[in-house]
Amino acid sequence: MVTPLKQPHIERRLFQQRLWVAVIIVALAFIGLTGRYFYLQVIKHSYYAEQAEKNRIKTNRIKASRGLIYDRNGILLADNVTAYRLLLTPEKAGDMEQQLTELNTIIPFSEAEREDIRQQLTYNPIFKPLIIKDKLSDQQVAAFAVRQHQFPGFHTEPYLIRQYRYPVILSHVIGYVGKITEQAYLTADKSRYAADDYVGKTGLEKYYEDPLHGQPGTLQTVINAQGKTLSKQIKKPPVNGQPLRLTIDLSLQQAAYQAFADNSGSAIAVDPNSGEILAMVSKPGYNSNLFINGISHQDYQRLITSPDNPLFNRSIKGGYEPGSTIKPYMALAGLVYGLIDADYRYFSRGFFQLPGQERRYHDWKRGGHGEVDVVNSLAESVNVFYYDLAHRLGIDRIHDFLQPFGFGQLTNIDTSGEKKGILPSRAWKRAFRNMVWFPGETVIAGIGQGYFVITPIQMAQALAIFSAKGEINPLHLVQQEITTSQLPMDIDPADWQLVHDGMIAVVNAPNGTGRSIRSDDYLIAGKSGTSQVYGKSQEDIYKKAEDLPKELRNHALFIAFAPADDPQIAVVVVAEHGSSGSKAAAPIAKTIIDAYLQPES
C-alpha cells in the first residue's frame, strides 16, 4: 500500500480559508447581535419600556356615575344603584358549553343568551372579559360565590345601574337609558364612552346625555411577575354627571296621571310667567326600568301590541285637531283686524252658509243660540259665529295671526321626539297637497277642524302666551335661565281682556259650557273643545256620543288658566275618545288646578 505524500502548503491554505470563514461568520453574528441589541435597547427602547410598563402596570377605566335627576322640590326621581353582573374571560375558562350548562342551575341562561355568548366569542379577544349576564339577584350572586371555584374564567363584579323611582308616571318625561349601540359607539367620543356604556335613549335622558354622562377616570394597578397586585392608584378621578333639577312638581304629576283614571290622553300644566312645565302626562305610561338592561321579548311585545300604545308620547307627538279651543285665538284675531268689537252681535240660527252656496255648516246646538256677542260666543262655544268670522278673516290672515303663538311649529322644548303639527294655509296646501284652497276649508278652520293638527305641547305654549297676554316664555322641563319676549303684534289690552272675559264666562257664567268645574276659591278661565276622530255626515251632527263605539268618539279637549286675573297655572288636557271637552277633559283640568293652587286640601 502506497502512503500518499503530505502537502503542507495546501493544507495550510485550506486551514486558513476555513479560519477566515469561521471568523467572518463569528464577526457577522457579532455584528448581527450587536445590531439587534442596539435596535432593541436604543431604537426600540421607548416601545419595549412601555410594553414592560404595561405588563407591570394595568390601567383600567373608572366609569363616571350618571347625573341624578330631581323634581323642582328636590325629590329624587332617577338615581344609580349597585347591581352585579357575570363576566367570562375565555382564555381562563375550560369547556364553555359544559360550564354554562352547569352554571344554569345557579344563574339561568336562555338559549338566546347562550347564542349571544357564542357570537361574542367569535369576534372578541380571548383575554378580554365579556359581560354575559346583567343585574344578577342577591341570591344568584351568593350562590355563585359559594361555587365560583368550579367555574374558572367566570367572575362577578359590581356596577352602577340606573333606577327610576316613578317609572310609569314619568316614563315619557325622563325617558330611559340603555346600552350604547355598536353604530353609536363608532361615532362616539372614545375618551368618554366605552362599548358597554349606557346612554340616554328617549326623553330627558337622551336630550341631556352630554351633561348627565360625565367623564370617566383611570385606575393604575401595579402587579409583579406572578400577577399579584402590589398597589392601586387613581391617576385621574372620574367626573360624575351633572344633576338635573326639573321644573316638574312630582305631586302635581301624580295628581294629573291619576285624574285620567283608566282613560288615555295627555295633560300639561305650565307656569305662564316662567315657561316652567309643572306636569306633563302622557297616559298610559310604561315601566321605564324594563329597558335599562334590555327589555325581554315578551315584555316588549306586550307593549307594542297594546291597543293603548303606552310607548307613544302623546304630549309631544300626538296630533289632534284643536277643535273649539281655537276659538279664543280666532276671537282675538277678529278684534285685532277690526272685524268685531265689544259691541258686535251675531245672530245664530243653527247653521252658516257661504254666499251663493247651498251647503250648511251646522252648529252643535240644533236651532242655534240666537243673538250672541264675543263673550257669549265663547261661553256657549257658538260655531256659526266662528264660521262667519273665519270666512271674513280668510285662511292666510288666520295663519299669520296664529303662527306667533307656536301653532304649526316646534316649541323646541328640551326633550327628544317632538312633532311639528300643521297650521294650514294656501301655501301649505299647495306645497304639501298640490291642491288649491277652498272657501269651505276656511269655514271649518274657524272651529279648529280640517287640516289643523296640533300637539298638546303646542297647545300649552299657545295657552301660556295667551294667558300672559302676549308675553312669551319658552317652555322647558329643566330649570334654566330663559329669555322672555313679546308677540310681534300690537294688541290692545282691552281686546285681551274681552277674550279673557269670554273664557271666564265659559266656566263661571250660567250658560257656560264648562260651568261644572266652577270654583268658589278662585276664578278659572277655560275653553272646551272636541277633536274629530272621523268625518261626520250631516245626519251624524246631532248623534249622541253614547251611540258610537268608543274608538269612534271624538277626543275631548279643555284648556284653562287660573286665577284668571293673575294666572299662575295654565292647563291643557286631551282625553282621548272622551267625546265632550266639558264632561271628560274639564274635570281633569280642574283636578290639576286644585292640586296646584290648593295642595293641602
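Everything numeric here is computed off the predicted structure, so don't read it as measured data. These values consider heavy atoms only, across backbone and side chains, with no hydrogens, waters or symmetry-generated copies.
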**OP:** Could you tell me the separation between the CD atom of E321 and the CD1 atom of I444, rounded to the nearest 0.5 Å?
**Re:** 7.5 Å

Subject >> Side chain to side chain, V571 and L278, heavy atoms closer than 4.5 Å >> reply: no

Subject >> Side chains of Y320 and E576, donor plus acceptor under 3.5 Å >> reply: yes

Subject >> Side-chain donor-acceptor pair present, D299, Q301, cut-off under 3.5 Å >> reply: no

Original post:
Roughly how far, to the nearest 0.5 Å, is the CD1 atom of I340 from the CG atom of L335?
Top reply: 4.0 Å

**OP:** Find out whether the Lys NZ or Arg CZ of K201 is both under 6.0 angstrom from the six-membered ring centre of F291 and within 45° of the ring's axis.
**Re:** no

Original post:
Any donor-acceptor pair under 3.5 Å linking the side chain of H399 with the backbone of S425?
Top reply: no

Subject >> Given R426, Q449, K429, the one that forms side-chain hydrogen bond (donor to acceptor under 3.5 Å, both in side chains) with E441 >> reply: K429

Subject >> Residue pair Y164, N287: steps toward the side-chain hydrogen bond (donor to acceptor under 3.5 Å, both in side chains) verdict >> reply: CA-CA 9 Å; Y164 302 109; N287 185 349; over 6 Å; no

**OP:** For the pair F352 and F385, evaluate ring-ring contact (aromatic ring centres under 6.0 Å, His included) and give the outcome as yes or no after the intermediate values.
**Re:** CA-CA 9 Å; F352 170 82; F385 184 98; over 10 Å; no

Original post:
Distance from I465 atom CD1 to E471 atom CD, nearest 0.5 Å?
Top reply: 10.0 Å

Original post:
Can you find a heavy atom in the side chain of L77 that is under 4.5 Å from one in the side chain of Y70?
Top reply: no

Original post:
Quick one: does N508's side chain have a donor or acceptor within less than 3.5 Å of a partner on I524's backbone?
Top reply: yes

Original post:
If you take all heavy atoms of G285 and P310, which pair is closest and at what distance?
Top reply: O-CB, 3.4 Å

Original post:
If you look at every heavy atom in L252 and A269, which pair is closest and at what distance?
Top reply: CD2-CB, 4.1 Å

Original post:
Do K283 and Y257 have side chains that get closer than 4.5 Å, going by heavy atoms?
Top reply: yes

Original post:
Quick one: does N376's side chain have a donor or acceptor within less than 3.5 Å of a partner on A379's backbone?
Top reply: no

Original post:
Taking atom CG of D492 as the centre, does the number of heavy atoms from other residues, nucleotides or ligands within less than 6.0 Å exceed 12?
Top reply: yes

Subject >> Closest approach of Y386 to S377 (non-hydrogen atoms, all atoms of both residues) >> reply: OH-OG, 2.7 Å

**OP:** Any chance you could lay out the ring-ring contact (aromatic ring centres under 6.0 Å, His included) test for H369 and F347, step after step, and finish with the verdict?
**Re:** CA-CA 8 Å; H369 302 261; F347 186 80; over 10 Å; no

Original post:
Between the main-chain N or O of A256 and the side-chain N or O of T591, is there a donor-acceptor pair closer than 3.5 Å?
Top reply: no

**OP:** Test L170 against L250 for side chain to side chain contact (heavy atoms under 4.5 Å, CB included), laying out the working first.
**Re:** CA-CA 9 Å; L170 286 167; L250 177 62; 4.2 Å; yes

Subject >> Gap between atom CG of L597 and atom CG of D521 - 0.5 Å precision >> reply: 9.5 Å

Original post:
Does W437 use its side chain to pair, donor to acceptor, with the backbone of R430 at less than 3.5 Å?
Top reply: no

Original post:
Within the distance-only criterion (no hydrogens, no angle test), does the side chain of E418 pair as donor or acceptor with the backbone N or O of S416 below 3.5 angstrom?
Top reply: no

Original post:
Is the side chain of Q479 donor-acceptor paired with the backbone N or O of L246 at a distance under 3.5 Å, no angle test?
Top reply: yes

**OP:** Would you name the heavy atoms of V572 and L463 that are closest together and state the gap between them?
**Re:** CG2-CD2, 4.0 Å

Original post:
So, do Y387 and I447 sit near enough that their side-chain heavy atoms are less than 4.5 Å apart?
Top reply: yes

**OP:** State whether the side chain of H476 and the backbone N or O of P474 hold a donor-acceptor pair below 3.5 Å, judged by distance alone.
**Re:** yes

Original post:
Looking only at heavy atoms, which two atoms of V384 and F351 are closest? And how far apart?
Top reply: CG1-C, 3.5 Å

Subject >> Working for side chain to side chain contact (heavy atoms under 4.5 Å, CB included), residues F405 and Q458 >> reply: CA-CA 8 Å; F405 286 91; Q458 286 177 349; over 6 Å; no

Original post:
Any side-chain heavy atom of I174 sitting closer than 4.5 Å to one from E205?
Top reply: yes

**OP:** Apply side-chain hydrogen bond (donor to acceptor under 3.5 Å, both in side chains) to D501 and Q497, showing your working.
**Re:** CA-CA 6 Å; D501 288 343; Q497 191 57 52; 2.9 Å; yes

**OP:** State the CG-CD1 distance between L290 and I295, to the nearest 0.5 angstrom.
**Re:** 5.0 Å

**OP:** Please tell me if the side chains of V478 and R245 come closer than 4.5 Å, counting only heavy atoms from C-beta onward.
**Re:** no

Subject >> Residues F466, Y329; criterion ring-ring contact (aromatic ring centres under 6.0 Å, His included); working and verdict >> reply: CA-CA 8 Å; F466 194 90; Y329 304 91; 4.9 Å; yes

Original post:
Between atom CG of D210 and atom CD of Q242, what is the distance when rounded to the nearest 0.5 Å?
Top reply: 8.0 Å

**OP:** Assess whether salt bridge (charged side-chain N to carboxylate O under 4.0 Å, His left out) is satisfied between R66 and E209, documenting all intermediate values.
**Re:** CA-CA 9 Å; R66 195 169 181 84; E209 167 62 25; 2.7 Å; yes

Subject >> Residues I248, R72; criterion side chain to side chain contact (heavy atoms under 4.5 Å, CB included); working and verdict >> reply: CA-CA 6 Å; I248 294 289; R72 67 185 297 111; over 6 Å; no

Original post:
Looking only at heavy atoms, what is the nearest atom pair of G512 and R515, with distance?
Top reply: O-NH1, 2.5 Å

Original post:
Is a side-chain donor or acceptor of S282 paired with a backbone partner of R314 at a separation under 3.5 angstrom?
Top reply: yes

Original post:
Does the side chain of K327 pick up a donor-acceptor pair with the side chain of N383 at under 3.5 Å?
Top reply: yes

**OP:** Check whether more than 12 heavy atoms from other residues, nucleotides or ligands sit under 6.0 Å from atom NZ of K206, and answer yes or no.
**Re:** no

Subject >> I268 side chain near V281 side chain, heavy-atom distance below 4.5 Å >> reply: no

Original post:
Mind checking whether I75 and Y166 have side chains closer than 4.5 Å, heavy atoms only?
Top reply: yes

Original post:
Does NZ or CZ of R397 lie under 6.0 Å from the centre of the six-membered ring of Y337, at an angle within 45° of the ring axis?
Top reply: yes

Original post:
Does K469 NZ have over 12 foreign heavy atoms under 6.0 Å away?
Top reply: yes

**OP:** Show your reasoning for whether side chain to side chain contact (heavy atoms under 4.5 Å, CB included) applies to N473 and S274.
**Re:** CA-CA 6 Å; N473 294 296; S274 65; 5.7 Å; no

Original post:
So, do Y286 and H172 have ring centers that fall under 6.0 Å from each other?
Top reply: yes

Original post:
Is it true that a side-chain atom of S381 and a backbone atom of L378 form a donor plus acceptor pair closer than 3.5 Å?
Top reply: no

